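Read the structure below first, then the notes.
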Amino acid sequence: MSGGGCSIVWFRRDLRIEDNPALSAGVRAGAVVAVFIWAPEEEGQYYPGRVSRWWLKHSLAHLDSSLRNLGTHLITKRSTDTVFSLLEVVKSTGATQLFFNHLYDSLSLIRDHRAKEVLNAQGVTVRSFNADLLYEPWDVNDAHGRPFTTFAAFWERYLSMPYDPESPLLPPKRIIPGDVSRCPSDTLVFENEAEKASNALLARAWSPGWSNANKALTAFINGPLIEYSKNRRKADSATTSLLSPHLHFGELSVKKVFHLVRIKQVLWANEGNMAGEESVNLFLKSIGLREYSRYICFNHPYSHERPLLGHLKFFPWVVNEGYFKAWRQGRTGYPLVDAGMRELWATGWLHDRIRVVVSSFFVKVLQLPWRWGMKYFWDTLLDADLESDALGWQYISGTLPDGRELDRIDNPQFEGYKFDPNGEYVRRWLPELARLPTEWIHHPWNAPESVLQAAGIELGSNYPLPIVGIDAAKNRLQEALSEMWQLEAASRVAMENGTEEGLGDSSESVPAAFPQDMQIEETHEPVRNNPLPVSRRYQDQMVPSITSSFVRVEDEETTSDLRISAEESSRAEVPENVNTQQNAGVTLNERMLQTAHRSTHIHYNTTMELINVAEDSAVESSSGTRRERDGGLVPEWSPSASSYSEQLVGDENGITSSSSYLQRHPQSHQLLNWRQLPQTG
DNA sequence: CACACTTTGTC
DNA sequence: ACAAAGTGT
């Protein structure tokens, strides 16, 4: 009945009906209008990649059919302004309440806060819930009430919290539909024709949708979980949980995963099954890393753009698109790396181990800017997840307080024999090496000519020689690091002399933009070896079609030249990035974020409270982009131009570690806070 | 066998 | 950085 008006349940990355607190709240309140708003342009540079959109499409269809079974359906809206669309839905349905579940990336924090403000102003009651994490980030603090800065400490605390994560909620039995007669759905288009063809094979391997996610969970817990510890060293993905895409879209409740896995843990502990227990601990730890990625994003909203430890801002990245392309196409000359990149290219999937291998190679050997790699992962992975990717790449790049050392280079040859001892993985993804004996499979450059001939391999022709030698890479890395420390020291001196932002400048927010906006880059960063004309514009990189990928690789291999001409590489692997405008002007402030999620009692957070205000932005933002910079800096949705320098000071202030990582740990919080204002540092 | 030195895993 | 495990003398 229309007495209280209906509730809108706003679905985002919580595409399930089970253990969905926002949905349950809506059902409890009466009639429900379930809404999904597709506004990818709001993601700016992080417009979802092809396979990710494929997943979303099917996940939504699945959700819609579940909702229909319960008595309603999903309203879908195509939008360029989510909040505006919400408002429209409110008006056309007469809704008086809005329920949604929390997200923790900075874009969502800002957008959701704005949604709350705008709808509240319209007299709509807005309530939001935790559906994505075991514990809310603001509930997990150290003894001093401050956020943790290392995973180990964070996870230890997590596992010893005084209260358990909430128990999963059951799905509603029935949903009373709200009146949507004046609120038609828009047809959402998630893929173009070319992409459709490329995506055709995905359905063979994956089944999006929340109930399929549950099946996958059950299968994993009753199967591979017990061997998880033993098998996690293999390149083969058959032993991983394969749950990450389900988790990304919230088809699966982490709380439920946690509960079920814990039950197994208790069981195996009682049986004295050590291997099983170890496996559970490891698996839970990987769940913990996902939690931690949200935690980091919440506490450090810029973590997908800026290194959390500031010295990396002075690292002289090798801006070499030829390297970048060779890496993407699996033509680096290191079989394990190349096999991984080909698998990613072809399937959108990569075992966690191999993700570490290829990204570490990217950063340490090729010394390409880590954000390019992160962006490529975002574009290509089926489970692309900004928070997790940012954490992973920062870890690899040595920019986390507990990350691995910067100057340690992992040798893909040795890792190859570790993770793929029989070369099966390499042979599967690098057919050109299929006939090479295992002895040489991970270092063909050492193989005798006769062996290569017998295997039909001509190095430099149908399989590349190593693009960079490991020894050369080590030397180059040492040079780069000493250059980095020098620049860092110089900058610190400049700061102390009050020469202020001369050195820091906006470069810190732009460690090196993705090639599409490279030309700006170059003025900011100490950059070496830039062989390409800076005027070139790059398309976004996404995955080429599965069917054509190998053909293309073979094609190009005959040319075997790593220095690819501009024309050649602009033969886009992909359609143009739909939108390069970014939500530059969206800003948030202390109040916004504090109220964004919680009520009053949160006072710890230095991070959020220091984000600058631009009062006008909320109003303007409904009209689209305000601060489009052609050529484009990286999307920065928070700082407004005017407040920019102010934060930089804060930044410089926060980032001081000169020697290695946070030797003086008491300072670690300061080191990690971007938004520190001058007087507080 | 004790000892230093190297290698490995950390998220 | 650091601890644990492995290797060499």
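Below, chain A is the first sequence line, B the second, and so on; all start at residue 1. For clarity, every value in this text was computed on a predicted model and none was experimentally measured.
The OH atom of A:Y295 sits 16 Å away from the P atom of B:dC11 (whole-angstrom rounding). Summarising the geometry, the separation between CZ on A:F154 and P on B:dT10 is reported as 18 Å, rounded to the nearest angstrom. Remark: C1' of B:dC11 and CD of A:E291 are 15 Å apart, rounded to the nearest angstrom. Between A:F414 atom CZ and B:dT8 atom P there is a gap of 8 Å when expressed in whole angstrom units. Between the P atom of B:dC11 and the CD1 atom of A:I396 lies a distance of 12 Å, rounded to the nearest Å.
Nucleic acid contact for A:N411: none, since no nucleic acid atom lies under 4.0 Å from a heavy atom of the residue. In this structure, A:R355 reaches neither bases nor backbone, as no heavy-atom distance under 4.0 Å exists between it and the strands shown.
Phosphate proximity of B:dT10 to A:K285: absent, as no side-chain N or O sits under 4.0 Å from OP1 or OP2. Dashed line: the shortest gap from a side-chain N or O of A:R408 to OP1 or OP2 of B:dT6 is not under 4.0 Å.
Partners of A:Y158 according to the ring-ring contact (aromatic ring centres under 6.0 Å, His included) rule, which considers only residues two or more places apart in sequence or in another chain, are A:Y135, A:F154, A:W155. Evaluation of the salt bridge (charged side-chain N to carboxylate O under 4.0 Å, His left out) rule for A:E251 yields no partner, not counting sequence neighbours.
Salt bridge A:D383/A:R355: present, at least one basic N to carboxylate O contact under 4.0 Å. Comment: A:R428 does not engage A:E424 in a salt bridge, judged by the lack of any side-chain N to carboxylate O separation of less than 4.0 angstrom.
Both geometric conditions, a ring-centre gap below 5.5 Å and a plane tilt below 30°, are not fulfilled together for A:F151 over the base of B:dC11.
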